[in-house]
Novice: 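I'd like to ask you about the structure that follows.
Here is the naming used below: chain letters follow the sequence lines, and residue numbers restart at 1 for every chain.
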Number of protein chains: 2
Amino acid sequence: MKKTRKYATISDVAEHAGVSIATVSRVLTGNTPVIEETAERVRAAIAELRFVPRTAARTLASRKTNTIGLILSEIGGAFFPHLLKGIEAEVRTAGYELLIHSTQGVRQHQHRAVGEHNTDGLLVFTSSLELDELKRLHSMNFPLVLMHQTPPADLNIPVITIENKDGAEMLVSHLIEKHGRRRIVYMQGPEGHEDSQWRERGYREALEKHNIPFDPSLVVKGEFDEEQASSTMQQMIADGIEFDAVFAGDDDAAMGVYRALKLTSRIIPDDVAVVGFDDIQFARYISPALTTIRAPIEEVGREAVRQLIHLLNGQQAQSLVLMRTELVIRESCGCALSDHHQ
Amino acid sequence: MKKTRKYATISDVAEHAGVSIATVSRVLTGNTPVIEETAERVRAAIAELRFVPRTAARTLASRKTNTIGLILSEIGGAFFPHLLKGIEAEVRTAGYELLIHSTQGVRQHQHRAVGEHNTDGLLVFTSSLELDELKRLHSMNFPLVLMHQTPPADLNIPVITIENKDGAEMLVSHLIEKHGRRRIVYMQGPEGHEDSQWRERGYREALEKHNIPFDPSLVVKGEFDEEQASSTMQQMIADGIEFDAVFAGDDDAAMGVYRALKLTSRIIPDDVAVVGFDDIQFARYISPALTTIRAPIEEVGREAVRQLIHLLNGQQAQSLVLMRTELVIRESCGCALSDHHQ
DNA sequence: ACGCTTTCTGAAAACGCTTTCACGCATGAA
DNA sequence: TTCATGCGTGAAAGCGTTTTCAGAAAGCGT
């Protein structure tokens, strides 16, 4: 009585083709030459038995998982699909698999879900991984690449991020130079959010460059969130704070600003110019169309994977890759109406 | 001289705690009782050695990958983040890992990237998997759940999708009953797209229900795409086809319709009412705000995972889950301006 | 006190591959 | 002819777990 196994194994193939399992393995991996005639027999056997090698066995034997892990704190957010798209494409091109893990509200360390035991390397987005774990992995030379997060000073981990500061500076300078705005609000993102910190720095540098004194009362909480931005803005207006432009921190917050301004009958851009950051899909559809910064998020994903692959191949990775941002001028800053809408 | 291994293994832990590896394994899996005192010693050893069990070894030995695979044809699209968010959350709650694979422009069968060899079950979105492969997997009793795609008649694979037909009917009935529209255009999605087919059926049923004769010249190509929808609409206008409302198929296409109508100076909703489907994020921001159908995409993802988990546990799964859709009335159909925007 | 469970633990056998090592054989040089 | 060389292949040793099987120890009813 034959043992009825659910799937064919390498031994079945070997037997069927009249060779040893070693030979089958060799045509599978292709890392050792096999006489073409034999190889063909093996391939035929594989096809006939519909043999698919178990990943676990391969991984165990070869000590390579052929998988790249992606850790992020939250799925969702406007940039996320772009990032993932880039990552996925590049991972696939490189012949790896992609394991995704979100640390959203999870007590970490409970069961280390992703790490050296199931991936060859890790892509870490923003602050999705605890510092301890980051250090632990780095200390055992585990390949890591960070995205939108600079590593602790003493750890040399490659980083891919965008030119937040330059982008912000372009934006604010544009408001000052082209539209003569001088009381420009900056709405900060979440506490400790790196992107936000850099954007604020860009904001300040633009002010400095144009000799506009920095006014702390113009820097407020936007949290990169529509609701928060809207209520903050309404509060500012109620408080009677004067301003002629708002750099909302990101486009989501800009939506909230729009709402608050419309509610209080301010005209954009006549009364208040508004600019965002990210160029989310409907920045161009909203009325007036939003002036913002476009960042090559998809490219960030691709580049992160590329650097990680370098690491996996034992090569050096670039320790910092800054992706160039681009000013997208539409209507909300006060520039002429584009011909695209209305 | 001690062998310097990179990571601690179960034997190291066993030795360190003065027990056999079997015992360590037992406290790891928790499937066999171990005296508390011993267990504590083992846990201490694990912590001290920073031991993390290799997934590959566990998988090989236990024949369970503890991983759920997600196959889709394309990353991106407005619904995608929602879907993924639901899936990821539920997968994590269930204690599984998530392996993502896109079949975007890949010659399939080349290297079966995801399947029985590296996952316990598969979530298949729309037509991302070849029929052959689907049949093969199903025939070996591999757990599968489809999303937004009904399976070939002879295969009993659970499906999760939304009530496209009901949604479409609500939409069209609303246009007829509340706004007296009678010449309503339907813009089809891509050839063979199931969602589109059901929506068209809903459109037709609404017409029938109100005794409006079906006019084939009002059913056109929208491809669920802004560009395509825009040019189709312009063509219709150029051809002098009369209509007083457009059901664009989805919200993306509705954007294209907006553009075409504005270009030709038609007023929405006075001249032409427009409705979409999906309630993408900026449906409420565009002007006039778009009347559309909201579908619980995130819930589709969650439910798909739940059904798959049932299958994984050897339980029965519901063969069809239809998620209820909801009419979201805004301005583009002709209803009173909401208080949300202007 | 005696068998009979029951509970915990260790030895050892899988799990299904990759990879090292060695061997047989053909080849070309001496 | 002989010897080194190299190529294709098979045997077998891992890879690091889980799980089965059996045995020791402990509890329990009579």
Novice: Please confirm whether the ring centroid of A:Phe80 lies under 6.0 Å from the ring centroid of A:Phe125.
Specialist: no
Novice: Send over the distance from B:Ile10 CD1 to C:dA12 P, rounded to a whole Å.
Specialist: 17 Å
Novice: In terms of side-chain heavy atoms of A:Leu60, which of C:dC17, C:dG16, D:dT17 is nearest?
Specialist: C:dG16
Novice: Just by distance, do the side chain of A:Arg324 and the backbone of A:Leu322 share a donor-acceptor pair under 3.5 Å?
Specialist: no
Novice: When the distance from CZ of A:Arg63 to C1' of C:dT18 is rounded to whole Å, what number comes out?
Specialist: 8 Å
Novice: At under 4.0 Å between heavy atoms, which parts of nucleotides 7-12 of chain D does protein reach? Answer with one letter per nucleotide, 5' to 3': B base, S sugar-phosphate only, - none.
Specialist: -SBBB-
Novice: Figure out the CD/P separation between B:Glu36 and C:dT9, and round it to whole Å.
Specialist: 11 Å
Novice: Not counting sequence neighbours, which residues clear salt bridge (Lys or Arg N to Asp or Glu O under 4.0 Å) with A:Glu298? List them please.
Specialist: A:Arg302
Novice: Would you classify B:Thr29 as touching base, sugar-phosphate or nothing, given that sugar-phosphate means primed atoms plus P, OP1 and OP2, and contacts are heavy atoms under 4.0 Å?
Specialist: sugar-phosphate
Novice: In whole Å, what is the span from the CG atom of B:Leu28 to the P atom of D:dT17?
Specialist: 8 Å
Novice: Enter the distance from B:Thr119:OG1 to B:Asn66:CG here, rounded to the nearest 0.5 Å.
Specialist: 11.5 Å
Novice: Without decimals, in angstroms, what is the distance between B:Glu40 CD and C:dC8 P?
Specialist: 16 Å
Novice: Does atom CD (B:Gln316) have a neighbourhood of more than 12 heavy atoms from anything else shown, all under 6.0 Å?
Specialist: no
Novice: Respond yes when some side-chain nitrogen or oxygen of A:Asn31 is under 4.0 Å from OP1 or OP2 of C:dT19, and no when none is.
Specialist: yes
Novice: What is the distance from atom CG of A:Leu49 to atom NE2 of A:His16, rounded to the nearest 0.5 Å?
Specialist: 5.0 Å
Novice: At 4.0 Å (heavy atoms only), tell me whether B:Thr55 reaches a base, stays on the sugar-phosphate, or touches nothing.
Specialist: nothing
Novice: Take the protein atom OH of A:Tyr7 and the nucleotide atom C1' of C:dC15, then report the distance between them rounded to whole Å.
Specialist: 14 Å
Novice: Return the nucleotide paired to D:dG29: Watson-Crick means purine N1 to pyrimidine N3 with N6-O4 or O6-N4, wobble means G-U with N1-O2 and O6-N3, both under 3.5 Å.
Specialist: C:dC2
Novice: Any idea which of D:dG16, C:dC17, D:dT18 is nearest the B:Ser25 side chain?
Specialist: D:dT18
Novice: Once you round it to whole Å, what is the distance between C1' of C:dC15 and CG of A:Asp12?
Specialist: 14 Å
Novice: Identify the nucleotide, in any strand shown, that forms a Watson-Crick or G-U wobble pair with C:dC8, with both distances under 3.5 Å; if there is none, say none.
Specialist: D:dG23
Novice: Could you state the atom-to-atom distance from CD of A:Glu116 to P of D:dG16 in whole Å?
Specialist: 13 Å
Novice: Step through the shown structure and confirm whether more than 12 heavy atoms of other residues, nucleotides or ligands are within 6.0 Å of CD on B:Glu37.
Specialist: no
